[in-house]
Amino acid sequence: MGVAGLLPLLKNASQPGHISDFKGSTAAVDGYCWLHRGAFSCAEKLVLGEKTDMHIRFCMKMIKTLQANGVRPVVVFDGKSLPSKAETNKKRSESKKENRAKARMLFADGQASEAKKVMRRCVEITPELAHQFIEELRRKDVDYIVAPYEADAQLAFLNLNGFVDFVVSEDSDLMLFGCERVFYKMDVNGYGTIVEKSKIPNCLGPRASTYFTHDKFRWACILSGCDYLESLPGIGLKKALKFLKPTSNTDPQTLLKKMPVYLNMPTLTVTQEYIDSFVKADNTFLYQVVFCPDTKKLCPLNPYPAGVCGDDMPYAGTYYDSKLVIDIALGNIHATRHYPMGHPYVPKNGIIVRKTKPTISCLKVSGFSFTKAKIEPKQAAIEILDEEVVKKKETELVAEMINLYGKQIDDSDKVKDEDMLKPKAAAQGRSFQQELGGKGNERPLNVFKKIESTEQKEPTSKFDKIVSRFFVSNIAPHSQVVAVKRKAAPCESQESAAVAKRQITLKDLFK
DNA sequence: GTTATGTCCAAAT
DNA sequence: TGGACATAAC
């Protein structure tokens, strides 16, 4: 599953972490991962159809690990298999069935330990099993969604649209779907590996961010072989990256044909069929059908390009009746066969995924530059406060700014502290460092300074401080502001910093 | 140097 | 089942 060798490749975008590093934020969790792990403790019973709840207990233990560390979980389950994968899933399911029959025979034959081994390899996580977990989540008032198709795409959708801050999973595909942050391989104690999208260029060679886009990254992964398309013989991640690195061609139809020449592999043949399958795989990563908890409708993971609609790509999922959509998302009916499962459930207030604000204790003012992230204070404030209150506060803020800088500055971060403060500081007979509040020789970084040191420092400015103060004093008491830990990576270049900057949106701040 | 293949082990209590 | 690792093959 996933892209072979991707996580090792992303080593420089990864770091060991603990779930408490995400304190105060919200996680989308791949439910099947945990069910699968939990099923190990009671594989025989599940296969023999005996009653057990060990697997559910394990899942709830993981849920508690998140909650105990101040992370609110939203659990996501797989729905219907995509047409492109239905075939392989069927085969897999059938082979498991055969193995289960074998295991039962072994067991009946008295070869208990041998049978157990086989059973552990053939437990299948059925929608019914998932439903047991769902019922427990309902009891514990934990949000969950059954995805219309693959959980991966749904997890990514929740992450990209501000429903959650990060994803907990084991599947490398999450990075291809465009997730910002994924917490991999979390153990029961909460330890795991954090992988960040903004750091992917760190793994693709020097100056990668100047020529590497996320599209190219995804294409390289598809070429190297993914769930939706096998690779051409002899093509792995390295070759794919090497091929895509120098090109500016964004049309797969003409681009892919050049592969044998570029890579000097005369035996390699790129058929039209392969190119068409490549485009389908790419579209499946970009536009897979997911469920939007706000509109309670199906939609593509990313908006379709102009002139394209869902009918053009049935392989990425098809749209169906809206009443069905909600019942499938809630786990009231089977995602594929549409029969009822358990008691119909309707969440409180009809809200399927809550968007609560994390607590004020998570506000890391010092680690985050509002100007760099281009957060519009006013827009942010209106999200939470009364517009009248915001207007009044804005006037006060502007007044304070004029008092400090001599004029109103915008948040385009084109202003050097030094330039702004020198005249004013000189007029008062002080150094601009003093004006900035720095101590002695401690000179604050300005936004133009290249981040080179291994020290994890964010450029800060007086303007940031004012905005931060504004947030803390006016917004935080009314709401709860999310922690935004933006730390410069050891080798983060200006370019990748710029990429990261664009990726931080208002949604990252207010959930 | 990269891809393909083969083996072993660990997922949980 | 997938991952990590070693080894063979290109």
Side-chain angles (χ1 to χ4, degrees), chain A residues 1-11 14 16 30-47 50-65 78 85 88-100 102-103 112-113 116-126 129 132-133 151-152 168-175 182 184-193 195 203-205 220-227 229-245 259-260 262-269:
Chain A
M1 288 285 275
V3 173
L6 182 57
L7 289 183
L9 180 91
L10 294 180
K11 204 177 145 196
S14 317
D30 188 337
Y32 275 81
C33 280
W34 289 353
L35 277 167
H36 215 273
R37 281 162 67 181
F40 265 88
S41 60
C42 51
E44 317 101 77
K45 289 192 173 174
L46 288 173
V47 170
E50 289 173 26
K51 214 179 161 188
T52 176
D53 68 341
M54 292 300 283
H55 54 306
I56 306 299
R57 269 200 227 174
F58 172 77
C59 293
M60 293 316 287
K61 196 169 158 183
M62 297 298 271
I63 293 283
K64 276 179 201 153
T65 304
D78 276 303
K85 276 168 84 179
T88 48
N89 283 346
K90 211 176 173 183
K91 274 184 198 161
R92 195 174 284 178
S93 164
E94 268 164 26
S95 88
K96 282 198 173 187
K97 220 179 225 172
E98 280 171 30
N99 276 316
R100 278 200 298 276
K102 215 182 273 176
S113 69
K116 274 185 186 176
K117 268 187 201 166
V118 180
M119 284 174 183
R120 273 178 207 173
R121 274 184 285 129
C122 61
V123 249
E124 198 176 14
I125 307 302
T126 59
L129 227 50
Q132 296 176 3
F133 187 12
D152 293 354
V168 176
S169 177
E170 314 274 309
D171 198 330
S172 57
D173 277 354
L174 269 303
M175 299 319 292
V182 183
Y184 282 104
K185 299 171 192 169
M186 191 186 100
D187 66 22
V188 266
N189 299 313
Y191 291 95
T193 310
V195 182
C203 314
L204 308 176
C221 293
I222 297 170
L223 285 176
S224 82
C226 66
D227 286 354
L229 182 62
E230 295 220 345
S231 72
L232 293 168
I235 301 296
L237 262 177
K238 296 292 168 76
K239 289 264 176 70
L241 287 167
K242 186 183 169 188
F243 168 62
L244 290 170
K245 216 177 246 186
M259 201 154 39
Y262 267 124
L263 293 173
N264 196 20
M265 294 170 76
T267 54
L268 189 70
T269 43

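Reminder, nothing fancy here: chain letters follow the sequence lines and each chain counts from 1.
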How far does CG of Leu268(A) sit from CE of Met259(A), to the nearest 0.5 angstrom?
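Leu268(A) atom CG to Met259(A) atom CE measures 5.5 Å (nearest 0.5 Å).
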Can you tell me how far SG of Cys221(A) sits from CG of Leu9(A), rounded to the nearest 0.5 angstrom?
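Nearest 0.5 Å value for the CG-SG distance: 7.5 Å.
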Between [N] atom [atom2] and [X] atom [atom1], what is the distance in whole Å?
X: Ile125(A); N: dT1(C); atom1: CD1; atom2: P; value: 12 Å
X: Asp30(A); N: dG2(C); atom1: CG; atom2: C1'; value: 14 Å
X: Tyr32(A); N: dG2(C); atom1: OH; atom2: C1'; value: 19 Å
X: Phe243(A); N: dT2(B); atom1: CZ; atom2: C1'; value: 17 Å
X: Leu237(A); N: dA4(B); atom1: CG; atom2: P; value: 11 Å
X: Leu268(A); N: dT3(B); atom1: CG; atom2: C1'; value: 13 Å

Atom pairs under 3.5 Å: protein N/O with N/O of nucleotides 3-10 of chain C:
residue: dA4(C); atom: OP1; partner: Lys185(A); partner atom: NZ; Å: 3.0

Exam field: side chain Asp187(A) to backbone Asn189(A), donor-acceptor pair closer than 3.5 Å
yes
Backbone N or O of Asp171(A) within a donor-acceptor pair of the Tyr184(A) side chain at under 3.5 Å?
yes
Partner set under side-chain hydrogen bond (donor to acceptor under 3.5 Å, both in side chains) for Asp78(A), not counting sequence neighbours:
none
When every nucleotide of nucleotides 6-13 of chain B is labelled 5' to 3' by its protein contacts under 4.0 Å (heavy atoms), B for base, S for sugar-phosphate only, - for none, what sequence of letters results?
-----BBS
Using the test salt bridge (charged side-chain N to carboxylate O under 4.0 Å, His left out), find all partners of Arg57(A) that sit at least two apart in sequence or belong to another chain.
Asp53(A)
Applying salt bridge (charged side-chain N to carboxylate O under 4.0 Å, His left out) to Glu230(A) and not counting sequence neighbours gives none
Side-chain atoms of residues 35-45 of chain A: list all donor-acceptor pairs with protein atoms under 3.5 Å, sequence neighbours left out, distances to 0.1 Å.
residue: Arg37(A); atom: NH1; partner: Glu170(A); partner atom: OE2; Å: 3.4
residue: Arg37(A); atom: NH1; partner: Met186(A); partner atom: O; Å: 3.0
residue: Arg37(A); atom: NH2; partner: Met186(A); partner atom: O; Å: 3.1
residue: Ser41(A); atom: OG; partner: Gly38(A); partner atom: O; Å: 2.8

